[in-house]
Chemist: 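Here it is, the structure, as structure tokens.
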Amino acid sequence: MVAPQLDTTYDPKQFEQQIYCSTQSLFYPDDTKGPAYTILMPPPNVTGRLHVGHALTYTIQDILIRYYRQSGCNTLWQPGVDHAGIATQLVVTKELEAEGIDIKSLTRDELIDKIWEWKEKSGSTIVEQQKTLGCSVPWSLSRFTMDDRFSSAVTKVFVTLYKEGLIFRDKRLVNWDTKLKTAISDLEIQNREEVGTLWHIRYKIANSDEYVAVATTRPETMFGDVAVAVHPDDSRHQHLIGLHVAIPYTDRTIPIIADNYVDIEKGTGCLKVTPAHDYNDFAIGRRHGLDAISVIDKDGHMACKNVPDFLKGVYLKKARKILIEKLTGDGLLAGDEKITHTIPYGDRSGTVIEPLLTDQWFIDAKTLAQEAIEVVERGDIKFYPEKWVNTYLEWMRNIEPWCVSRQIVWGHQIPAWYSPDGKIFVEEDEETAAVRAEEYGISRTHLIRETDVLDTWFSSALWPFVTLGWPEETPALRMYYSTSVLVTGFDIIFFWVARMVMMSLHFMKEIPFRDVYVHALIRDSEGQKMSKSKGNVINPQDLMEEYGADALRFTLAFMSVPGRDIKLGKDNVKISRNFITKIWNAARFLQFKGVQFCADERVEVSGKINNWLVAKLQKFRETVSRDVRDYRFDYATRNIQSFLRDTFCDFYVETMKLHEDEDTKAIAGKVFAEFLRIAHPFIPFVTDYLAQALGIGDSLILRGPESDILRTTSSSDDEAEVDQFVELLHNARSAKQSGEGDGDEYRTLREKLHNWPGELGRVATGIV
RNA sequence: GGUCGCAUAGCUCAGUUGGUAGAGCACCGCGUUCACAUCGCGGUUGUCACAGGUUCGAGUCCUGUUGCGACCACCA
């Protein structure tokens with residue numbers, strides 16, 4: 001094969017996509033090889049667009065997969081896409097509304113159909129972007145969390161957990177999003193600190209002319225009050241315990257109770273107890289056997305028979321304002337103070353989250369967490385960096401029941417059927433539920449299916465085993481489970497990692513992955529978190545367009561120092577591009593010198609400099625290998641840089657110009673070819689392109705560096721001698737530059753170098 | 001309030017078992033006869049946040065302080 005002349009300039013656009021297409025078929029697992037090495041790709045949202053955080057996580061995973069694939073492993077990088085319940089439904093309904101479609105006029109099934117249509121049309125954008133980045137993914141194995149097989153596995157898991165008593169339905173306080181009109185889990189809340197007002201409201205004591213003042217930031221919930229609580233040791237209020245107060249604008253009176261929860265220092269020392277709208281009040285109410293009265297409906301409007309007419313149906317924020325005005329006018333406001341407090345917001349909707357008393361489905365996470373804690377404590381699952389173990393364990397040990405039902409349409413519909421008298425049948429399909437109902441004498445025609453769907457993370461939690469075929473015992477499941485490593489960001493540890501561990505242990509009786517590599521968060525060059533509102537978002541697509549995918553990958557790997565956020569600017573990528581240009585030019589030079597790259601036979605290395613280079617190469621290969629296995633991509637890329645620049649170009653190639661012979665050229669070609677193999681996982685496009693252009697052979701994807709092709713014939717003393725020579729060379733140059741070129745120091749050093757025995761001395765005469 | 005992390009050159013950061021403080025960028029000087037100016041050669045730049053301690057020896061280990069950050073919890 002005649003190698004084409006390389007272009008004078010490195011232009012990644014000329015070949016990156018072409019290389020990707022021509023090598024795609026090599027990305028598949030190969031079970032004639034072994035051992036298995038598996039990475040679960042965290043499935044991006046179907047609505048996702050590649051952001052720079054994605055670029056980082058996929059780059060790291062691709063480096064690992066390419067490295068282990070080169071090393072002869074049977075690699076599976078399991079791809080897929082997540083249906084992303086709330087996020088997707090939001091995106092699609094917004095688009096439909098923009099098209100003038102009235103969402104409310106659609107039936108549930110019609111809306112679901114619309115979302116599927118949207119998914120088919122726009123759901124693969126991110127896959128194209130992953131290809132641009134060079135992800136070596138076996139695409140045809142991709143799974144979707146709502147494909148038929150996945151859905152039936154989800155149903156099976158739900159039914160199993162229900163029958164084991166680990167899923168239950170209950171009326172509890174949950175985080176309610178009044179905009180999306182669904183419950184959300186604790187994790188889907190963002191607490192924001194805000195300055196608010198603490199109002200002191202006067203409640204009249206029954207059969208007395210006296211008042212007590214309660215302090216609250218939520219006056220509108222007063223119609224749901226069931227008591228006023230004071231601390232039992234509070235001398236100011238002790239005489240009030242057992243008396244009753246009247247709630248303004250109603251004819252209800254409520255008792256004054258004593259409870260240790262009350263903080264004497266805070267507010268007025270009198271706490272209004274509203275069990276239906278506050279988690280702590282709910283607990284107090286339960287301790288004292290008090291009812292919970294809901295006064296806010298699911299849309300966030302005041303709605304209850306206890307709410308006075310002037311507020312009925314009013315949105316709660318407006319109701320608060322009206323009420324405060326009225327209380328002020330009526331002299332019932334004893335004062336107010338500004339306080340800073342944290343307010344919960346829904347991270348999807350951005351609205352204030354209300355604790356609301358509703359019927360929901362819960363998972364008994366506490367029980368599932370037991371084993372999930374043990375496997376991490378025991379070290380069966382390791383975290384990199386290790387500090388994340390604490391985060392994981394801390395959360396797991398304090399885990400609360402997980403509310404998994406969502407009042408939206410896009411997701412896995414909960415397989416529960418209700419009879420008119422409130423019996424619940426949880427079965428894998430309607431027919432089984434109907435048969436069970438009939439055993440109780442309930443006609444199947446009276447059964448109504450639960451309309452709630454499951455939290456997206458419920459299905460994501462099953463990703464490690466359902467993608468491989470569970471509940472069937474497929475060969476893939478046997479071969480690739482447990483997986484090797486999970487690569488993810490720390491923000492996903494609770495959402496996903498913890499839940500995968502719980503579900504996998506429960507259903508597979510085996511850990512889902514051995515390692516968890518927690519990568520950094522990417523910030524802008526000023527260290528600010530990237531966000532659309534700040535306008536500081538760096539689009540990886542733009543970076544790849546300007547500098548090439550290889551440059552972006554190399555940059556991200558280079559900056560992946562464990563435990564440290566990445567401050568990314570365009571300049572970093574530019575520097576990487578410059579380095580890749582250096583590789584390109586080195587290749588051009590070797591090509592120009594007529595260096596041969598393709599010879600496969602083993603070579604005996606002769607000469608000190610050649611042996612030195614080969615020894616450096618061996619060390620380099622071993623170091624990078626260790627770096628990748630230790631997840632130290634920062635070390636690996638630094639080593640790649642310094643080997644190519646300092647060792648290969650600045651010394652070896654420079655001496656080659658003075659000392660050109662067939663041996664040297666042969667070694668240069670082999671070493672450069674080996675360098676390309678070692679660097680390939682990090683910068684796959686340029687290395688594969690050069691390998692082809694220089695006639696090194698087939699793609700580097702399946703063949704890693706080979707240790708035994710070059711055999712050194714000299715001792716480590718020889719290596720040390722050349723190291724010393726290099727250092728002296730530097731000293732001599734330095735002495736010359738420092739303006740004392742005629743000085744003794746430079747002359748002495750030069751003489752020493754020129755008189756160096758053997759080839760080194762000859763080389764020296766050409767350099768200094 | 002609890003937990004964790006960070007602090008090293010003007011900037012961004014390395015510093016792998018405790019052993020003479022490093023790289024890139026920026027800056028300065030020199031250099032385009034046979035890869036590369038997207039480059040090469042050379043140079044300047046430090047109270048390693050502060051205070052103690054352990055040690056023959058501390059950027060590194062221990063204790064405390066300050067500053068910054070993240071996460072969790074709570075908030076009338």
Side-chain angles (χ1 to χ4, degrees), chain A residues 6 8-11 186-187 191 193 196-201 213-219 228-229 261-274 278-281 337 339-343 385-391 393-395 398 400 490-491 493-494 521 523 525-527 529 547 551 558-559 561-569 571-572 574-593 595 623 626-627 630 632 634-635 637-638 641-642 645-646 649-650 653-654 656-657 660 729-739 741 767-768:
Chain A
L6 288 170
T8 48
T9 51
Y10 162 61
D11 181 7
D186 301 349
L187 292 176
N191 288 309
E193 198 154 89
T197 309
L198 183 63
W199 286 282
H200 297 186
I201 301 171
V214 298
T216 181
T217 54
R218 303 285 314 271
V228 168
Y261 170 76
V262 180
D263 185 336
I264 297 174
E265 305 294 322
K266 271 188 189 162
T268 59
C270 296
L271 175 68
K272 67 194 267 307
V273 180
T274 323
D278 183 283
Y279 288 98
N280 287 307
D281 291 6
E337 50 184 303
I339 56 155
T340 54
H341 56 160
T342 51
I343 304 287
E386 210 181 353
K387 66 169 179 175
W388 295 110
V389 166
N390 291 330
T391 309
L393 288 177
E394 181 63 19
W395 188 71
N398 300 304
E400 294 289 325
F490 66 85
D491 48 335
I493 291 176
F494 304 144
L521 183 78
R523 299 169 175 276
S525 49
E526 250 90 81
K529 221 170 184 169
Y547 300 110
F558 190 86
M559 301 184 87
V561 176
R564 193 152 193 148
D565 289 347
I566 295 177
K567 286 185 200 166
L568 182 72
D571 283 351
N572 303 107
K574 189 176 164 186
I575 291 161
S576 300
R577 193 276 317 268
N578 293 354
F579 171 65
I580 295 169
T581 306
K582 181 86 182 164
I583 302 174
W584 182 268
N585 284 313
R588 279 181 57 221
F589 181 68
L590 297 179
Q591 189 180 48
F592 161 74
K593 284 287 180 189
V595 163
T623 309
R626 193 188 63 217
D627 294 341
D630 291 345
R632 292 306 301 259
D634 53 333
Y635 288 171
T637 41
R638 277 168 178 76
Q641 258 188 0
S642 76
R645 196 172 355 200
D646 306 338
C649 291
D650 291 351
V653 172
E654 288 307 316
M656 189 175 129
K657 288 177 180 171
E660 198 179 316
L729 198 62
H730 173 79
N731 293 345
R733 280 166 162 168
S734 182
K736 185 179 180 184
Q737 284 285 332
S738 63
I767 298 177
V768 284

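Order of the sequence lines sets the chain letters (A, B, ...), proteins ahead of strands, with each chain counted from 1.
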Chemist: Are any protein N/O atoms closer than 3.5 Å to N/O atoms in nucleotides 12-18 of chain B? If there are, list each pair with its distance.
Modeler:
unit_1, atom_1, unit_2, atom_2, d
B/C13, OP2, A/K567, NZ, 2.8
B/A14, OP2, A/R564, NH1, 2.7
B/G15, OP1, A/R632, NH2, 3.2
B/G15, OP1, A/Y635, OH, 2.8

Chemist: Looking at every strand, decide which applies to A/L271 at a 4.0 Å heavy-atom threshold: base, sugar-phosphate, or nothing.
Modeler: base
Chemist: Stems in RNA chain B: runs of 3 or more consecutive Watson-Crick or G-U pairs, distances under 3.5 Å?
Modeler: B:1-7 with B:66-72, B:10-13 with B:22-25, B:27-31 with B:39-43, B:49-53 with B:61-65
Chemist: Could you tell me whether A/L521 contacts a base, only the sugar-phosphate backbone, or nothing, with contacts defined as non-hydrogen atoms closer than 4.0 Å?
Modeler: nothing
Chemist: List in chain and number order the residues that pass side chain to side chain donor-acceptor pair (under 3.5 Å) with A/R588, two or more places apart in sequence or in another chain; answer none if no residue qualifies.
Modeler: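 Partners of A/R588 by the side chain to side chain donor-acceptor pair (under 3.5 Å) criterion, ordered by chain and then number, come out as A/N585.
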Chemist: Taking side chain to side chain donor-acceptor pair (under 3.5 Å) as the definition, give me every residue that meets it alongside A/R577, ordered by chain and number, with sequence neighbours left out.
Modeler: none
Chemist: Can you list everything that forms a side chain to side chain donor-acceptor pair (under 3.5 Å) with A/T197? Sequence neighbours excluded, please.
Modeler: A/K338
Chemist: Which atoms of nucleotides 30-37 of chain B (N or O only) lie under 3.5 Å from a protein N or O atom, and what are those distances?
Modeler:
unit_1, atom_1, unit_2, atom_2, d
B/A35, OP2, A/K657, NZ, 3.3
B/A35, O2', A/R588, NH1, 3.1
B/A35, N7, A/K657, NZ, 3.3
B/A35, N6, A/E654, OE2, 3.0
B/A35, N3, A/N585, O, 3.1
B/A35, N3, A/A586, N, 3.4
B/C36, O4', A/N585, ND2, 3.4
B/C36, O2', A/N585, ND2, 3.2
B/C36, O2, A/K582, NZ, 2.8
B/C36, N3, A/K582, NZ, 3.3

Chemist: 5'-most contact on RNA chain B: A/D263 or A/L187, nearest heavy atom basis?
Modeler: A/L187
Chemist: In terms of heavy-atom contacts, does NZ of A/K593 have more than 12 from other residues, nucleotides or ligands at under 6.0 Å?
Modeler: yes
Chemist: Let me know, please, whether A/E193 or A/F494 comes out on the 5' side of the other along RNA chain B by nearest nucleotide.
Modeler: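 Residue closer to the 5' terminus by nearest nucleotide: A/F494.
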Chemist: First locate atom CG of A/D565, then atom CZ of A/R523, and finally report the distance between them rounded to the nearest 0.5 Å.
Modeler: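 Rounded to the nearest 0.5 Å, the CG-CZ separation comes to 4.5 Å.
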Chemist: Using a cut-off of 4.0 Å on non-hydrogen atoms, how would the nucleic acid contact of A/Y261 be classed: base, sugar-phosphate, or nothing?
Modeler: base
Chemist: So if I apply the side chain to side chain contact (heavy atoms under 4.5 Å, CB included) rule between A/F589 and each of A/V595, A/L6, A/V653, which one comes out positive?
Modeler: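 Result: among A/V595, A/L6, A/V653, A/V653 is the only option passing the side chain to side chain contact (heavy atoms under 4.5 Å, CB included) with A/F589.
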Chemist: What nucleic acid atoms does A/H730 come within less than 4.0 Å of, heavy atoms only: base, sugar-phosphate, or nothing?
Modeler: sugar-phosphate
Chemist: Would you call the rings of A/Y10 and A/W584 parallel, tilted or perpendicular, taking 30° and 60° as the class edges?
Modeler: tilted
